[in-house]
Structures are given as C-alpha cells and as structure tokens.
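Structure, as structure tokens:
In what follows, every chain begins at residue 1, and chains take the letters A, B, ... in the order their sequences are listed.
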Amino acid sequence: MLQIDCPWCGMREEMEFSYGGQAHVAYPKDPHAVSDEDWAQYLFMRDNPKGLFLERWVHSQGCRRWFNVERHTVTHEITAVYKPGEPPPAAKP
Amino acid sequence: MTASTDRVSPLENWTARFAAASATPVQFSIREVAFATHINLRVDAAAFGAKVRAVLGCDLPVVANTWTTGGECSAIWLGPDEWLVVAPDGRNESFCADLRTALSGVHHAVTDLSANRTMLEIAGSDARVALAKGCPLDLHGSAFKPPQSAQSLLAKSQVLLQCVDANPVIRVFVRNSFAAYVAEWLLDAAAELAASRNLDTPRIANRLA
Amino acid sequence: MQRFSFANLVRNSLSGHAHWKPFWRDAAPKQKYDAIIVGGGGHGLATAYYLAKNHGITNVAVLEKGWIGGGNTGRNTTIIRSNYLWNESGALYEHSLKLWEGLNEDLNINLMFSQRGVINLAHNQADVRESIRRVEANRLNGIDGEWLTPEQVKEFCPIIDISRTARYPVLGATLQRRGGTARHDTVAWGFARAADNLGVDIIQNCEVTGILREGGRVTGVRTTRGTIMAEKIGVVAAGHTSVVAAMADIRLPLQSHPLQALVSEPIKPIHPCVVMSNAVHVYLSQSDKGELVIGAGIDTFNSYSQRGSFHVIEHQMAALIELFPIFSRVRMLRTWGGIVDVCPDASPIVSKTPVKGLFLNCGWGTGGFKATPGSGWVFAHTIATGEPHPLNAAFALDRFSSGALIDEHGAAAVAH
Amino acid sequence: MSGTAANIARIEGAGKIDRTRPLAFTFNGRKLQGYAGDTLASALLANGIHLVARSFKYHRPRGMLTAGNEEPNALVQLERGPYTEPNLRATEIELYEGLDASSVNCFPNVQFDLRAINGLASSILVAGFYNKTFMWPKGFWKKVYEPALRAAAGLGVAPDSPDPDTYDRMHWHCDVLVVGAGPAGLSASLQAGRRGVRTVIVEEAPEAGGSLLQRPATIDGVAGTEWASKAFAELDAMPNVLFLCRTSVFGYYDHNYLMAVEHRTDHLGPGRSPGVARKRLWHFRAKRVVLATGAHERPIVFGNNDLPGIVLANAACTYATRYGVSLGKCGVAFVNNDHGFALALETQAVARNIAMIIDPRPDPDDALVKRAAALGVRVLCNSVIATAHGWNRVSSVDICPTRGTGLARLECDHVLVSGGLNPAVHLYSQAPGKLRYDANLACFLPDQCIQTVEVAGALNARFSLDSALEDGALAGKRTLHTLGQAVDAGAPAEAKDELHILPVWSVQAQLGLKLPGKHFVDYQNDVTEADILLASREGFRSVEHTKRYTTTGMATDQGKTSNVIGLAILAASLGKPIPEVGTTTFRPPFTPVTFGAIAGRDRGSLSDPVRTTPMHAWHVDNGAVFEDVGQWKRPWYFPKPGEDLHAAVARETKALRTTAGVMDATTLGKIDIQGADAAEFLNRVYTNAWTKLAVGSCRYGVMCRPDGMVMDDGVTARLADDRFLMTTTTGNAARVLDWLEEWLQTEWPELEVYCTTVTEQWATTAVVGPNARKILKALAPDMDFSNAAFPFMTFREGVVAGLAARVFRISFNGELSYEINVPSWHGLALWRAVIEAGKPHGLTPYGTETMHVARAEKGYIIIGQETDGTVTPQDVGLEWAVSKQKDFIGKRSFSRSDTARAGRKQLVGLLPQDKAFVAPEGSHLVASPERSTFDPRLGSPSIGHITSSYYSPNLESAFALALIANGRAMHGKTVYCSQGSGLKPMTVTDPVFIDKEGKRRDGID
C-alpha cells in the first residue's frame, strides 16, 4: 500500500485514493477537427513508462480533490505531488 | 392524510445496544447524535469567509483537517473550498437561507445535508483503539486531537471523524445507509476490546492515548 | 529430441538419469535471423514453435531478457478456459483450448493439463443475466457451456457455501467442463524444447535495447548481447511491450499493472474444480500437489514491480472465506506478482504495426496463460505471411481508431 | 506413568521450563507430559520421541531438524474438529494443557507408513518425472494418473466446518519499527525508546531475548536472559513503546508498510478465550524500520542427512539450554565454522552427550579446541560425515577425511550439524532490498534498499554477542539521526565478524565421490542433490528454473534451510561462482498466515456493508424478498402468502397499470449541482441540451464516455437558474459524482459549478398508476395535481402528508406517476402515510422486478442491462436525446467508422409466438432455423441477445427487449430464440409495447 501526500490533506494511505491514470492528457481543443487516429490517441493511447510517470490520483475518501503525482513505476517512490494546473516537475536527468 | 412528524434516525433501534456497550464509559461509550443540522458549504473562504461568519458566527477553518466553533456552529474542513457546518437541530432551513442570501452573487453552493448522515459519538480509553481496527489514519493522541478532523475509511465505509475532546471524544459522521454497518462494526470492535481486557487492551489503548 | 515416455524414464533411471539432454540449447545469438521473437514467455516460445512447425521458418531467435517463462507464464493461476463472450474472443480462445487438448502429444511433454471444469459464480440478478448470455454465446460458438443452479453448483463443488443469507449468495454458475488448469512452467519449457528441436535459437539473458529501422521497416534489434539483424520482429513482451514498442516510437493503449496470486500450504485434496467469481474477484483451484491456488486482483496503479499491495490480498481473502468458510484455518504460503498489460477493452492486440516487419502480440491482461498455444499459432501466421490469421484479424491495433473494440470486461454490473 | 518419569530425556536442572507446571498432551493418540515453557517439539523430544513426521514424496521418517520457524520436517495437525489446523511446525507450537497433535501425511501411522514404498521407486520419481510420463494412453491422465497423483497430494487436512474463532486487525503508525527482539533488536529499541520516539518492537517468540534465551552470555555483569528481561521491562513500561511478542512480521511492503500477525491465544489452547480474537493482523506504517531478524543455521548435505536425530547445532543447543532436553546419549557434531563449533560445546556443557566434533577445517579456532578438550569432546579435523545410517533414527555415521580415503563408522544416536549461517534476509529482500554474496562468510547479506531501513545484528553479519549489541545500538542511533533527533549517528560500520567458515555445501561434491544414501537439500519436498544436478544437466541453469523444476524452497518452510545450499550446488555444477548464479527473490509471507487472520473482521455481516433505505423496516415487516443491487438491498417483490416471483409480479404489474403501485426509489443517486455555469456543465456531460430547461421542469438525460458508449442516464430537474438536481442509476451513483468532479476539476476548472451528493438526504416514494393522482390529492390537499398546474416532467414543492416535500412528476413506467421526496428521516412516515392513503385506491407495493416489467413494456432501457459498455445512445433508440448542435463528451466518437456503421446491434422489442414463453434473459437469437447452430466456416449464428424478458399481464403475453444486428430494419420479421434444446420463434417489434402515444402518463384528470 502506497502512502500518498495529498496536496491538501497530507500523508494518507493509498486505500483513501483512486487512481486516474496518466496526467496531462489534454482534451483536444476541437475534437471534431482531429482525425480518428488522433482521437484514438486521446481516448486510448497512453504512456506506460518503466520509470518516472506523471499520473493522476483523486483523494476519493478524503477531500475528493484530483491532483498529480510523479511516481517511479518500479520502485514506487513518489518524487513529486502537485495540484492540477501546476506545471509538472522538470524532467529528471 | 397526515404522517407522523416524528423523525426516525438511522440508528433509532440501536439505543439499547449502545447503552449495553457503554456500561463502563471510562473505557468505552457510544451514542447516536441524531438530527443535528448539517450544511455542506462550498465557497472561496479567503474571499468570502467574512460573509459566512456574519451568518454563522463561526470562522471557516482554512487549515486542512481541522474544525472551528463559534456561535451555535462548528465548521469542519472537508476540502480547500468545502466545509460541513454542524449546528443544533432545526437550524438547517434558516442557516441555508441566510447563507444563500449572504453569498448571493458569489460562486457558492449551500446544501442541506441534515438528513443525509447521522453521527456516532464514541468516547473512553478504548475509543481510539476501536477505530484503529479499521481506520488507516494515525489516531495517536499526539496526532489526532482537537481541533482535528479527517475524512477517511472506517472498515468499508467512508467516514468523517471529528476529535471533539482529547480524552477522547470522537464523532463519527456516517451516511444513513452505512450507519448500521458502522454501528455493528464499532460494537464488534468494542466487544473484542472488552473481552481482551485481561490480555492486552489497556496496554494498547495506553500506547495510543 | 529425446522422447519422454515411461519406458525412457525407467531406462534412464538405471543410469541415475545421467544421460538426459537439456530441454533446449543455450544458444548464442547469430548475426542474422529470418525472424526474431522478443520475449521468451509462453506466447513467444509458442510463436517460435509454430513459425517452425506450421510455416517452416526455423531460422528464428527468441530473445529473453531473463530466463524463459519467468514473466507471467510462471506467475499466473494456470486457469484454462474458452468461455469468452464475443465471437472474436470465443473463436480465438477456443482454438487455443483445442490446441491444449492435444498439446502433450504435440510437444511430447506432460503439461498436466487437467480438465476439471471451470465454474463462474453469479451472485446477483445482473450476474445471472450475463452468465446466461455468455453460456448461450459460447454454445452458438461451438464452445461447451452449461448453466448450473445453486444446487448443481453445490453438487459440483460441495465445499461452496450456497446459503441464501450469505453476503454474496450463489444464484447459479456457468460451467465449462473442458476448462481446467495446467502446469504453467512446463508449458514454457515444453514449447522451448519443441522449438529448439526444430532449430529455433533460444537466447536467454539477452535484453533488447533498441529496434533498428530503415525506411519505415525493421532491420534488426540492438541487444545486450550485440546487434542482431532480422526483417521480421515479433514483440511478445507482455507487461514490457510498451517499453519495447516505444523503441520503435509506437505508443500503445496499454497500461501495466501488478497482478497478484498466492498459494496455500498443501492440504489433502478437497476442492475438485476451478471456481471463479468476478463479482467478488476470487478464483480458486487446488493443484496436484495439494496447494490452493488463488488469484487476487490487480493494483489500480501502473507498475513494473512484480509485487502488489497487501490490501488487495486482504480483500480477496475476505471474499474467499465468505464463499469457502472451511478455509479459514488454512495458511497462505507464497504470494507473487506479475505485470499484466491491460488494454482498454480487456482484449489482446495481435497485429501488424505502422512499422513494416514489426508485429505486436500484447494486451492479454489477466488472461494470457490460457491463450498460449492459440496466441502463438495466430501470431506465427501473422509474422510468416505478413497478414493476420482470420482468428486474430479483429484484434488489430486499428480497432482503437475505428471503435470496433472487443469489450470483454463483462457488462457493468449496475442497475436502476 | 508419571510425567517426570516419562520425560526420559530431560536434563536435570537445565532449561528454562517451569517444572512446577506439568502439562498433559496427546501426540498420535499417546498421552504424554511436558512443562510450561515447552514447545511441542521440545516436549516430544523430552519424551524420547524423535520420529514425528514423514516427508512429502518418499514418506521418509523425519524428526525435528531445527527449533524454530525454519523447521522443514516436524509438521503436525493440531487439534481436531472445527479447531483443527494443518501443517503447523511442532517447533513453534507452545505447549498447553490438553494439546492434541498428530502427524500429517502418513498412513497408517508415522512409525510405519505404507507410502514409504515410494522410496523404492525413488530412482524414477526424480525432479520433473511427471513431465516425462503419464501421457499414454491419453485418456488415462484424467481417469487414472491424475487421481492417483492427487490421492498422494497434500499434507494435513482442512477443517470440515467453519472456523469458531474470530480475528482482528489493527492499523498502527510509528516512528521506528524494530523487527526482532534479540540482542541487536533490543539494543536498537533501547536507543529509540529512551529518546521518546514512537517505537514498536515485534518479536516472534513468546519473550524477548532471541539467542540470549539459548546461549550462555553475560551483559553488563548480568546473565543474558536477565539483561533481556530487564530490557523488555524497561521498554514495555515506556508509553511511547509498543512491544509485541508472539508476533511475526511477514511482509515488507511499499513506503515502509509492514504486515505482522500476532498469535494472541494459540498458546492458551482452543476455545479458552471467549470473545478474544485469536490472531490480530497488524498494519504498520513506520517512518523508519530496523531489521534485526537474526540468522538461520543451515545444514550440510551428506548421505541420509534427513534421518531423525540429525539436527542443527543451534537446535541441539536450544533444546538443551532452553528446554533442558537431551537429544541422546551419544552425539557427534559436524561443523565447518566457529559458530557451530561453539554451539556444539555449549550443548555439551549442559547435556554432556557430545563425543566428537567432526570438522572439515584443518585449523578450527584454538580457544574453541581447548574448550572442547576441557569439556571432554574429541575434535577430528580435516574430516566430514559422509553418510548416516539408521532406520527410524540415526544410529551411526561414516566419517572420512577431506583428503585421502578411508571410512570409519561411528556409533551415535544424534548428530549436530552446522554448515554456516544464512542471515534472515527475507524481509529485507521483500522491501525490496538487493543482496550481495559474502564469500568470506559464505552467505548472502543485505546490500542496498530503496526504502529507509537499517539492519543490525546477525542479519548484518554481526554474529557475536558483543558485536550484535553494538551494531544494534548503532542502527538505533542512525535511525534516530535520520528522524532528525540530535544523535551522533556513529562511525560507519567496521569489518564484520568472522565465522572462519570452510564452505561445505555437499560432502559428495566436496570429496568428488559418489556416496551411498540420499542427499537432501530440501527436506520437506524431498529434493536431493541429485535432483539439482539433474536439473542443471537438463538445462535449468537459472536459479529460478532450478527452483521450479525441482521445487527446492517451495515447501511450507519456504526454503529457509535449503535455498542457499541448492543455489551453491547449482553454481558448482555450472562451474560458476555463487554470485553469478544469483539468488531467488524472497516474497511475502515470511511465515505462513491463516486465511482467517487475513480476512480479519470482514466476515459475515461485516464482510461488506449492507445498505438499506429508511423504509427498509417496513419492507421487511411486509414480507419483501430482496435483491442485491450493488451494496443495496432493494425489495425485489412483495409476495403474498403462496405467491412465487411470477405470481407476485403479475399482481403488482397489473395493479400498477390498473389501480396504483408504490415503490421505494430512494437508492437512485442524487447530485445537487449548483453554480452559474451549471447548465453549461450539463450541456457538456449530457448528450442533450439543458440551457433552455425551465426552472421547475425536468428532463431525461444520457451521458456517454468519451468513446461514445452510454455510461449512465437519469432525470435531472432545474431547481433554480443556477441549480439542478441530477439523478443517476443506483449502481452508478458514486461513479457519476466522481466523473463530474473529474471533468470539473481537471478539464473545466473555469466553470463555476459545485456538485454535492444528496442521495441519502432524500427518501423517495414513487406513487404510480391511474389512481396516483387521487392518492396524491388525499395526501396533499393543498397542492394542485391537475395536468395544467402540474404537468408531466415538472416538479412542485409542497406539503405531503403534513411533511415538507418535493414532488416530481416523472415516469419510468408510462403511467401517471409522482415521486415524492422528503428528508430521509421522514421517509418511513411518509411511506406509511402513502400506504394508508392508497388503501381505498388499490395501492400495491411493488419491487424492482415489477419496475423492470413496467419500464420494459414502455421500452425504457436500464443501464447495465440494455447497455453493456458497447452501446451508443443511437443503438438503444435514444437519438432523440442526442444533440446535433452542441458538443458533449463522447460526440466525436460517433463518427468513427465502426460506431457510425449501419447494421450495428439495435434495441428492438420481441413478442414470442408462443405467448407463454418467457425467454431467459441473456438468450441469443438466430435469423433462421436453418442456420441455428455453430458452423466452423461461418462462425456463430447469433444475431443478438435478449436483454430483458418478462411476462406481461397487461399484454397477456411474454415479451422481451433485445439488441440485434440491424434491428430497426427488422420490425415484423421472425427471429428465433436459441434456448436450451429448441428454437422459439419471436416477432421483432418496436420496443414500446404499451401506450405508444403516451396517453396513460397523464392519467385521468
């Protein structure tokens, strides 16, 4: 069980949160202007890196706020937590 | 045709079981606090907290997971722009109306949830341990004390915990349909602690105090 | 190939088993192959075997970053069945099940394929509806399936609690009698042995680090053991497929998650079949050694670590004990995790890619083991001919653009 | 027979058992006696019983190899009936009065086991033998071979009745978690405890002390045991310290989350602690962890090294010093390191039964050799034990020199073995921490870990007492330092202790000889050295392959004594150094944990919340049969005496269409949506338009996922310009709220909208049917229910039955229908008033089944029944609710080739030609009798399936809804329900069966 630092509530157990997949997947500005392939990119295609990953979580049993997390998908180490609208941490070397 | 205007709380029929489980209140007690006014309030507190205060006589806490009290009310932090206002029974309609008036023209939401939830109040030396059996929060006396509150899980139910006294007295807010489950769960937890009194309950309770 | 038989076993026992040969050669990579399979799990090894056997393509290398069968092949609950809902899935998994039924003879190894029957429990009215829909779909797809009443469930598996007052009452179940389990590791070893026998090079400890391309087509791979050329490359890397595909700049609709399973200590045989319950996420069988083999759920988050969270197991155990109260005093012995690559529609991708000569076989999610022979069969066809086999045509990558998904999540169990 | 007399192997005056408290127990039906403080193993040995078990495959006689959690052999079935528990290790069972244990996996008994005949076939039953045979003839696998294999499977037996015990769970946060209360763990704990940080110490044994309990020691001028009990007392008195004994940490998970199981009542015996949970599962979240898990001694592989009487040196010492048990009259020790050598001497000091120490090293430590001489023990250097002999117990050993030849047979009745130490790296490895092989110490040690963990004591290769104490203190200080305490973290670790070990993994391999007997690596799974060599020969050269092919390390002891030896033998066979072969990864649990303990308190009524509405008590009192809808219990139907589902639903449905029905609709999700942009928000999430909806009116809405598939539906009312009340399906209530929040917070933060769930604020009573208006009038005389004043798809606030209420005129059944909402605390009162008011008007309570029938008669879909995540609004005939003008979530997906294709499956109605035929829901349909079965060339003949199917007393016919390919073009055609044995013809119709014009919903004014 992960321990996640909700940007509002502080450190809480993973069981209070729900996972929201990759962060920063932008809704196309005009969905009707993009091709089926590009629409499929938005709908289904996702990064799936072995390493640092920017992802979304929601504190569903707590403050119900969505936020972003930078987490390593092998060690599960959480290296950053930030609110929606805030920029992701600079790419690590 | 008229109905009885007597209200029925979700744990109306549990009074006797609660009383039995509270036989030694210094160790554990449990009761339902029904029918209090619960108002969910969404607003930008930094900008408009004063308007709210003018109605409620109570500041909205801006520190996460805390509660404040003032006038007839307590306000419990639920999120960065969300509070639960708890007031005595019967104040729901007037407070809702007054809040709406005070906040008119401001982005806000005032929602009466007085009948949405009930409240269990548990107290005594075993209370923290009983909760620790199913709640992943750090409930140690140094970590969870007035004026703290927290939304979390108790076993398989979402709950709002409010520490109203360090002694401790802890209020467990639970939605109506989960109330029986949470009550059953708490009674079961407390009974186990009582049965284990000669084994380890005081020692563990003491370590969480 | 040294034949496996009782007579040969006895003969070898006389010499203290000194003369058994390796199941497969420990091959060193050549400079060039006709085809390279990236990933030495069951699916990759089966692909290599059928490339050689069905298509005569024997100059094939299977590249495995660790040891063969070390991924999900050796980390699952070994359940084999073909009772999928949609026609496309049913056909593919049924083809696989038919291959399983002759695989011992084909590979000359005892895979301990045990057709003890798989039952899927229904716990509410929505489950019942979906179960019947599935059974009837299966029947019309030539797949065996039956609907059992609670009493018939009890008869088939006497230790299940079917009392109506249970928190998750058993309202019935589907049964596929031809379903069952097999010995997972042996499947990888058996395919490796048979493929090796046909000339396939199985190269372990060889990690692919790059995919070489020229003018929109593949030319080879860079590996930790040097560059290896081939004009056809099949990627069958399960949870790691996204990582390998990214080397060819391909983004996939896959997310990798940890999936856990566990076994109990061996106990005397008591559980006769495979029981699955989607509603409470439990699946259970008892191995020929006596261990209860129990599948748990996946962690919700992406991960490449072969370990999961304990609260997932706690949830499983609570549900399991409700269904099987007598197992409360049995003990959990081992837990493990695999990395499953999950597609949005819970169906696999067996497909060509925009890069010529590069083929993908992935997205089997939590259900890949049962598909091993069928997956290898159709993927070998796809690689050999450059076009999908009729059985995997629907499982192409372009379904995510067209919308022709094959949604095997089962109907969402919600109602008014 | 007196207890004392029976304890033939007790050493006078030795041990820490309580000789004033004899305990009677039973083993394999024999009545025996031990003492408080014994384990079952020590009590059996005290009674001279060495043979306690049989091995898994060959059924060889086995006795205790160890005295602890690493025991591979001595498995017993404890107790009988519902309390029985299989495969417990006798070395871990604390003796209690009346204990009843028996051997597992032997028939008819442990002395004479018929299955030992397997041993004769052992030359065939080698590793992986089953992969090579049982294939011919093909049908025999299922009928003959597998049943035979399964008949031999398993060890103990599961109980045949539910568990009478209860289990508990606890979440606990701390600054420092110390695992292991041996010298190093205690030393670290004292550092932490005295600093006042929140500390937890977890110890597997009943008391603190670890090795101090079994080895003579002096610390700070007092005996080791006294030091340990003082340390315990000091720590246990600290309010910041929780000291748990009889507790095993079995899992080390992410972010310093550790799981432990506390055995709270096992030592008292079954059924003696009513109300007390037998085990408690601890969930620790620790800021820092100190692992002081010690080390396991490991055996040496030689001929017949599994005979009862052959034990690890540490175990022999423990039995002598802690339990006062002598293992025999004449023992020899076979050790290859100073640690084992010292243990043999410590045993001798108490038991006085060790004749000789056999040591392959040329030069054991001088001081130890001198002590041996003083204790009267001969030391034979440069020598090994080649083979042991004996029947059910060792009776002699063959000794031979490490160089040269020549065997000498030595009579003995027990053998002490020490092949070195395996630090207990399991938890560290789980963390996950990397291990490194130390060639000098011949063991794996912790190397690097991604989590904040310290290691101390024997786990950190500090094998001697002084060094373990120092190491523990240092680990404690380092931990405090990283917690920000002003503590000098101390100097970096110095050189580790020396073992002076000469690795001997297998005597055969060491001598380069073939020796007689079986040479066991994994005792319980009967894996021999020959099996590992065979695996290596057959190409299983990765350590994981070898493990899986031979099953080394996969028994219930999880390879604690066998893993490293197997690895070393494999490495030697490959001519590689051990680090190049690697090690297997250790996974939880460190020690087996019962399923019940893991399930904890989530049993029975607490296994999952049962959610009920305020009216539930009335439903129960009035005989409702309930169905599970998610966690809710909803009335399914209300049978009258003698009625089954069919009869009750026929009656209820009839009433709803002819008089009136009443249903509890409280469980529908309700979301209060407020803010200036609320209408715009609904425009984006629903497929239809919301801006122009008048205040006081309601509208049906469908929402889609971005892929265009229907996700949920419901009626939403406009309470004010800037306020809507959305309803959702029961099962999707939470999901829809999360969905709305997700879009608001992450995609459209600029929208001024707040969502609040009010599902349980309101209790909802639906009054339905031609008489509904009459009933409402009776209940709310002050409200105007005329069509003009209160038209369809509007709501009004008013007083109903004396209660403030909000009444919605909406209909999920085509009838005149009012849904009365009152605060939930008034729900039951209102319901009762409605029932009363309805009595003159034929008001009939109905459940979800009748609701289903009624809505299906009108062709209304149910999410999750007509939809399954693959269905668009157009597929189910809702294109009227899909806006052509505005954009909304999912709209883009409708133009994809497959989604836009003609001939998709579409919702239709079906009328069976046999009106009595109620097709089972889920049945499939075929287009013609000629093409009704599977054809390998053409595939499935199914053109779709039945989503809903009922008998309608109103239609006087069964009817159904179905999704079939190109269905809207097929109205009037006959299709066939492929059901069981036959094909039933059905006519495709419009999905609306009743009142297509929609007249009924206005009722009679």
Check: Which class fits the ring pair D:Y253 and C:F310: parallel under 30°, tilted 30 to 60°, perpendicular over 60°?
Finding: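 Rings of D:Y253 and C:F310: tilted, as their planes differ by 30° to 60°.
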Inset, instruction - Check the angle between the aromatic planes of C:H17 and C:W20 and answer parallel, tilted or perpendicular using the 30° and 60° thresholds. - result: parallel
Under a 4.5 Å heavy-atom cut-off, does chain C meet the side chain of [X], its backbone, both or neither?
| X | answer |
| --- | --- |
| D:L281 | side chain |
| D:T947 | backbone |
| D:D935 | neither |
| D:Y549 | both |
| D:P82 | backbone |
| D:W136 | neither |
| D:S161 | backbone |
| D:R901 | neither |
| D:A152 | backbone |
| D:P609 | backbone |

Cation-aromatic face contact C:R193/C:F4, 6.0 Å, 45 degrees:
yes
task: Flag this pair as yes if the NZ/CZ of C:R133 is under 6.0 angstrom from the six-membered ring centre of C:W147 and inside a 45 degree cone about the axis; otherwise no.
output: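 Verdict for C:W147: no cation-pi partner in C:R133.
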Open item on the list: Between D:N525 (side chain only) and D:T551 (backbone N and O only), is there a donor and an acceptor less than 3.5 Å apart?
Closed with: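 Yes; judged by distance alone, with no hydrogens or angles, the pair exists.
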Salt-bridge contact D:D602-D:R169 (side-chain N to carboxylate O under 4.0 Å):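 Looking at D:D602 and D:R169, the cut-off is met.
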Practice task
Answer yes when D:R548 and D:E544 have at least one side-chain N-carboxylate O distance shorter than 4.0 Å, and no when they do not.
Solution key: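 D:E544 and D:R548: salt-bridged.
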Given that the side chain runs from C-beta out, which part of C:T165 has a heavy atom under 4.5 Å from chain D: side chain, backbone, both or neither?
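No part of it gets close to chain D.
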